[in-house]
Amino acid sequence: MASGVLQPTVRIIFADAGCISSHLEECLIKDKRKRLETDDLLEAAELYDASIIIGSNFPAGAPPNDSHMSSRLCDTKGMHETSWHVWYDKETWSVTEFHTAPMSDVHPRLRHRQICTMHLCHYRGFEIEVMFVKVLKGNAKAADTLQLGYSERQEVVDVAFRFLAKPRDCPVIVAGDLGVGLS
């Protein structure tokens, strides 16, 4: 309002639903949080008047047909298998440039890890660039590729900051689990 222009309030929910395949679950540090169900995600969106939900490992590829939400989905396979989701109100949002990319080519163990990036366009004309990150963390029995050393954790943070520092004409968000002990 200070500029004399009324800016709309935009609420985006970022969620890791925790629905990981059983063969991968055995190798990961146990997550004591309850897995989110489709109803949990949609109820949260309704409760907080959010018109978009971005996340990983949702219980379904798409919201139910009776929901007002549309969806986009990208999957990555292999040791770091993750499904990336965008559920959105198609009357309010459009999603472009939704894709996954290798986290980094600097460290061999980060080459097979993926990040998800997307470009969101609101019907009122503003845009947002988003990077969603999920770093799977292995337990003591896990394969070496699920455990990161200091320089690899530093590279994960550098990837996030390079994305944030890239010149753009719109706001930028990095969200998710960077796996380095930072919120």
Side-chain angles (χ1 to χ4, degrees), residues 1 6-22 24-25 27-77 80-101 103 113-137 156-157 159-160 163-164 168 170-183:
M1 287 296 290
L6 180 62
Q7 296 293 323
T9 299
V10 174
R11 291 188 179 93
I12 300 172
I13 294 177
F14 292 96
D16 175 1
C19 298
I20 297 185
S21 62
S22 59
L24 189 57
E25 203 170 73
C27 301
L28 300 178
I29 293 173
K30 296 294 180 217
D31 189 349
K32 296 180 184 2
R33 296 173 293 181
K34 177 187 162 228
R35 287 184 179 179
L36 296 175
E37 299 297 329
T38 300
D39 289 343
D40 298 326
L41 294 165
L42 295 174
E43 285 174 19
E46 186 175 329
L47 178 66
Y48 295 106
D49 194 26
S51 55
I52 191 163
I53 306 170
I54 299 171
S56 60
N57 299 322
F58 285 8
N65 290 335
D66 62 348
S67 166
H68 68 283
M69 295 276 198
S70 295
S71 69
R72 298 276 303 268
L73 171 71
C74 276
D75 285 316
T76 57
K77 302 294 180 200
H80 307 282
E81 177 179 321
T82 302
S83 59
W84 306 95
H85 303 258
V86 181
W87 290 1
Y88 59 100
D89 180 344
K90 65 181 173 186
E91 293 179 11
T92 307
W93 294 98
S94 63
V95 180
T96 62
E97 300 176 28
F98 179 55
H99 64 278
T100 61
M103 185 171 292
R113 293 173 184 261
Q114 301 285 313
I115 56 171
C116 181
T117 60
M118 65 202 75
H119 190 90
L120 308 174
C121 302
H122 194 270
Y123 80 99
R124 290 194 176 169
F126 64 88
E127 302 174 12
I128 303 171
E129 292 271 346
V130 177
M131 174 195 283
F132 197 75
V133 180
K134 180 175 182 174
V135 175
L136 299 174
K137 294 176 282 247
V156 171
V157 173
V159 166
F163 182 79
L164 291 168
R168 293 182 179 81
C170 64
V172 180
I173 299 172
V174 173
D177 184 351
L178 297 176
V180 295
L182 299 172
S183 300

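Because the structure is a prediction, the values reported are computed rather than measured. Here, residue 1 is the first one in the sequence, and each next residue gets the next number.
- Note that the CZ atom of Phe126 and the SG atom of Cys121 stand 10.0 Å from one another [nearest 0.5 Å].
- Side-chain atoms of Val159 and Met131, non-hydrogen and from C-beta on, do get closer than 4.5 Å to each other.
- Separating the CG atom in Asp16 from the OG atom in Ser56 is a distance of 3.5 Å, to the nearest 0.5 Å.
- Across all their heavy atoms, Ala17 and Asn57 have their closest contact at CB-O, 3.1 Å.
- Between Leu41 and Ala15, the shortest heavy-atom distance links the atoms CD2-CB, 3.7 Å.
- For the pair Met118 and Val86, the minimum side-chain heavy-atom distance is below 4.5 Å.
- Counted within 6.0 Å of CD on Glu127, heavy atoms from surrounding residues, nucleotides or ligands total more than 12; the atom is thus considered enclosed.
- Val135 has its side chain within reach of Val156: a pair of non-hydrogen atoms, C-beta onward, lies under 4.5 Å apart.
- Taking the side chain as every heavy atom from C-beta outward, Val10 and Trp93 approach each other to under 4.5 Å.
- With hydrogens and angles disregarded, no donor-acceptor distance shorter than 3.5 Å links the side chain of Arg168 to the backbone of Glu129.
- Between the CZ atom in Arg11 and the CG atom in Leu47 there is a gap of 10.0 Å [rounded to 0.5 Å].
- Closest approach of Ala62 and Trp87 over heavy atoms only: C-CZ2, 3.7 Å.
- Evaluation of the side-chain hydrogen bond (donor to acceptor under 3.5 Å, both in side chains) rule for Thr96 yields no partner, not counting sequence neighbours.
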Phe14 and Val130: side-chain contact (heavy atoms from CB on, under 4.5 Å), yes or no, with the steps?
-> CA-CA 11 Å; Phe14 292 96; Val130 177; 3.9 Å; yes
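- The shortest side-chain heavy-atom distance between His85 and Phe132 does not fall under the 4.5 Å cut-off.
- Contact between Leu36 and Cys19 at its shortest, heavy atoms only, is O-SG, 4.0 Å.
- In this model, a donor atom of one side chain and an acceptor atom of the other lie less than 3.5 Å apart for His99 and Thr117.
- Residues Met69 and Ile52 share a closest heavy-atom pair of CE-N, 4.4 Å.
- If you take CD1 on Ile13 and OG on Ser51, they are separated by 9.5 Å, rounding to the nearest 0.5 Å.
- Closest non-hydrogen pair, Gly61 versus Leu73, comes out as CA-CD2, 4.2 Å.
- The only member of Ile115, Thr76, Ile54 that meets side-chain contact (heavy atoms from CB on, under 4.5 Å) when paired with Trp84 is Thr76.
- The structure places OG of Ser83 at 7.5 Å from NZ of Lys134, a figure rounded to the nearest 0.5 Å.
- If you take OH on Tyr48 and CD1 on Ile12, they are separated by 16.0 Å, rounding to the nearest 0.5 Å.
- Side-chain atoms of Cys170 and Ile128, non-hydrogen and from C-beta on, never get closer than 4.5 Å to each other.
- Using a 4.5 Å heavy-atom cutoff, the side chains of Phe98 and Cys116 are in contact.
- With a 4.5 Å cut-off on side-chain heavy atoms, Phe58 and Ile53 count as touching.
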